[in-house]
Amino acid sequence: MTMIESSWISFLRQYGPIPRNDNMYDESIHRTLKRKNIVPIIVESVYLEELIENFRSSKPKSVILTGTAGDGKTFNCREIWISLNGSLQIWQNDNKIKELILPNGAKLFVIKDLSELKDEERGILKDFVDSVLNPYARNVFLIAANDGQLIETWKNIDTDTHTESVKLCVEGLLVNEIREKDGFNLRLYNLSQISSARLFPQIVDVVLNHPGWNDCNNCSLKENDQIEKRCPIWENRKRLEGNKDQNLIRSRVTDLLELCELNGVHLPIRQLLLLVSNMLLGHPDARDRIMSCSEVVKIVESDRTSLASIYRNILGENLTERRRESTDVFSTLGRFGIGYETSNAIDNILIFGQDDPDLNVYYNDLVLNDTYYGADQAFRANQKEYLEGVMTDSGNSFLDSLRSQRQRLFFVISREKEEELKLWKLTTFHYAGEFLTDVYKAAQSGRVASHITFRIAQGLNRIFTGLLAKNNDELILATSGSHSQAKVSRIYEESISVPKKRGESMQLKVNDHGKLVIEVRLSSSVEAVELPLQLVRFEFISRVAEGALPGSFSRECYEDILGFKSRLLKQLEIRRKIDGEDTDDVKDLSFRIIRLNQDGIINDKTVEVNYNA
């Protein structure tokens, strides 16, 4: 058996979730690459050319690069420095502030990590303030800082009118997610706004097309005649490679990342590199649970290749639970519960599919067709023990195998069979696929289907009233006699048409800031009320429309939507004042009580209270 110890695999391994992953830090990468003579992994920077062009222009502006750790701030700073003919030796020295003369003669100061400035060095920020306020300043700055550091830094320098003005400008750019403000010679680039779903396929391509894989050409484990004796690293690479447009692993991971973003969770480049490395190299028996070439031989000889499954590795199943929970990308993906959630259809296929004529076609297609990670020797043995009731470990081995197979199926069930096999029931979020495709993407390109809008209206009505109402073509605003957030509200205030009618409407749309929202208009004379709609809220409202109890399913979502109801009631007050409906001079007090009829539709009954002054 000829095994090649690949320098490339050793290097790629360092990007994985190992205790001391120096390759995660830009400063360490170049030393390793030079020492091992390896071509670097270069992910195209979204803003790099634009940034370089700014500093080469006749009137360059100062730039702040912000974002979370691992978003590529240091990488961009170094590439800008080198592109402007800066010395690599100077870049690598210990000076926290580096200087360079720009093509227009101005001096560029580069601070590659604002948090590393010593107290005596912070005086340079006064020069930064001057450069931002003076369009003819001869000093220009490039500053990299996490957004938290960016705000905190201003507290540690003496404040005057000019400093306060620049501080408020920077805060405004951050909060409003904009790049420039009139009157300030400054641009702010928030690298956390770059989509991880957009970056992930690029990173996969860069890693898979790296020339370092040529090291594997002479390895006997690469294409062994016995399938089970093939190298699991190479097997994972082949499965991730496939057809770029049709590769289900890529597209499903991209879907998950996009759903994370829509849920307000950003994953930086560093975490995406970690994910790809783990997908290819993960194995629970390896050192640090990341395979090297030498360990592959032992894994193959011990018939443990199935535990290197790329489908398990996507979710960090090769790691200990503690390591998985402490690694951002796996903690985030773990919230989908893939493998731990299931459906009867999927489990019946996996457990009984071989012997059930109705399920046998699915079993052959989804399980038997994959003898490497599907119907491998371990799974078949565990399945047989389970069915025959002769389990030696209370069925734990089979349950572990079953979880791994559910995870695999999530990434291999075809798009055509998603609905038939209820793919997203393998996750915590049963409506996630619909939310991504039929809500978010549909809202971007046009209009969300009416049946989804009506379902959301029905869910909102059940939360607003506390009743299992079936009304879906109008929103029912009700209180408990005041504007309190009571669990059950029976005092009718108003109904708002869901389809556009008399200036009223409710729709799911992408607003002017690019955010997906539920927008409710009470009339053309008052401002619309918006509720940001992310995956958790969409799942919550849809589940409530199905019949789940609002308060028990998600307390946070429940309170958010009651807050949305309060804002609608305030706009209703404004509308009434504009329309002249309000009057305090009343002798007869009447109100309308709502109740459900036998069909689950809300009806109201007017109750009058007469009194004499």
Side-chain angles (χ1 to χ4, degrees), residues 15 17 21-29 43 45-48 50-51 54 61-81 91 94-98 108-119 121-126 128-129 131-132 141-157 159 163 166-181 184 186-196 198-199 203 257 260-261 263-275 326-329 331-332:
Y15 277 98
N21 46 356
D22 285 341
N23 272 16
M24 301 297 278
Y25 302 96
D26 187 80
E27 295 87 345
S28 305
I29 289 175
V43 181
S45 174
V46 175
Y47 300 124
L48 184 57
E50 184 178 331
L51 289 163
N54 169 65
K61 294 187 176 185
S62 290
V63 169
I64 294 176
L65 296 179
T66 188
T68 57
D71 269 323
K73 298 184 293 297
T74 305
F75 169 80
N76 277 281
C77 285
R78 189 191 70 242
E79 292 300 306
I80 292 168
W81 176 269
W91 178 261
D94 294 332
N95 293 337
K96 307 304 179 187
I97 304 170
K98 305 184 188 300
L108 173 66
F109 293 90
V110 181
I111 304 173
K112 64 179 181 178
D113 191 340
L114 190 60
S115 65
E116 291 184 355
L117 285 186
K118 298 176 183 177
D119 291 341
E121 296 173 319
R122 291 183 183 274
I124 197 170
L125 294 178
K126 288 289 186 181
F128 168 69
V129 169
S131 75
V132 171
F141 284 76
L142 171 60
I143 299 176
N146 293 348
D147 47 14
Q149 298 168 354
L150 201 54
I151 300 301
E152 188 66 27
T153 298
W154 297 102
K155 298 178 181 178
N156 301 317
I157 60 176
T159 302
T163 303
V166 173
K167 172 189 171 184
L168 292 175
C169 170
V170 172
E171 289 179 352
L173 296 178
L174 272 174
V175 171
N176 298 312
E177 297 183 357
I178 54 177
R179 194 169 299 167
E180 296 182 70
K181 184 177 179 180
F184 294 87
L186 174 68
R187 290 179 182 172
L188 185 144
Y189 292 79
N190 188 345
L191 302 185
S192 291
Q193 293 177 357
I194 300 174
S195 165
S196 55
R198 173 184 171 184
L199 287 175
I203 292 172
L257 293 173
C260 291
E261 289 173 1
N263 222 21
V265 178
H266 169 71
L267 290 168
I269 292 176
R270 185 180 298 175
Q271 288 293 314
L272 298 179
L273 282 164
L274 183 150
L275 172 62
S326 63
T327 305
D328 289 347
V329 65
S331 173
T332 298

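Quick caveat: nothing in here was measured; it's all calculated off a predicted structure.
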* Pick from Thr327, Leu275, Val265: which one makes a side chain to side chain contact (heavy atoms under 4.5 Å, CB included) with Thr332? -> Val265
* **Nearest-0.5 Å distance that lies between atom CG in Leu150 and atom OG1 in Thr66** => 5.5 Å
* Judged by atom type as modelled, is there a donor-acceptor pair below 3.5 Å linking the side chain of Asp113 to the main-chain atoms of Ser115? -> yes
* **Check against side chain to side chain contact (heavy atoms under 4.5 Å, CB included), Phe128 and Ile64** => CA-CA 11 Å; Phe128 168 69; Ile64 294 176; 3.8 Å; yes
* What are the two closest non-hydrogen atoms of Thr74 and Trp91, and how far apart are they? -> O-CZ2, 4.1 Å
* Asked: How long is the span from the CG atom in Leu272 to the CG atom in Leu199, to the nearest 0.5 Å?
  -> 6.5 Å
* Between Phe109 and Phe141, what is the ring plane arrangement, given parallel below 30°, perpendicular above 60°, and tilted in between? -> parallel
* Asked: Can you name the nearest heavy-atom pair linking Gly67 to Ser192, along with the distance?
  -> CA-OG, 3.3 Å
* To do: Applying side chain to side chain contact (heavy atoms under 4.5 Å, CB included) between Glu121 and each of Leu117, Ile124, Leu125, report the one that passes.
  => Leu117
* Asked: Rounded to the nearest 0.5 Å, how far apart are CZ of Arg179 and CG of Leu173?
  -> 10.5 Å
* Minimum heavy-atom distance between Lys73 and Asn146, given as atom pair plus value -> NZ-OD1, 3.0 Å
* To do: Would you give the length of the straight line joining atom SG of Cys169 to atom CG of Leu174, rounded to the nearest 0.5 angstrom?
  => 10.0 Å
* Min side-chain heavy-atom separation Ile194-Asp71 under 4.5 Å -> no
* Could you walk me through whether Lys126 and Thr163 pass side chain to side chain contact (heavy atoms under 4.5 Å, CB included), step by step? => CA-CA 7 Å; Lys126 288 289 186 181; Thr163 303; 3.2 Å; yes
* Structure fact -> Heavy atoms of Ser131 and Ser62 approach each other most closely as OG-OG, 3.2 Å
* To do: Please tell me if the side chains of Arg198 and Val46 come closer than 4.5 Å, counting only heavy atoms from C-beta onward.
  => yes
* To do: Could you pull out the closest heavy-atom pair between Ser196 and Leu267, with the gap in Å?
  => CB-O, 3.4 Å
* In sequence, state the C-alpha distance, the side-chain angles, and the governing distance for Leu51 and Leu65, and then conclude on side chain to side chain contact (heavy atoms under 4.5 Å, CB included). => CA-CA 10 Å; Leu51 289 163; Leu65 296 179; 3.9 Å; yes
* **Interatomic spacing from NE2 in His266 to CG in Asn190 - rounded to 0.5 Å** => 8.0 Å
* Structure fact -> Between the NZ atom in Lys112 and the CG atom in Asn76, the distance rounded to the nearest 0.5 Å is 14.0 Å
* Step-by-step side chain to side chain contact (heavy atoms under 4.5 Å, CB included) determination, Leu191 to Ile269 -> CA-CA 10 Å; Leu191 302 185; Ile269 292 176; over 6 Å; no
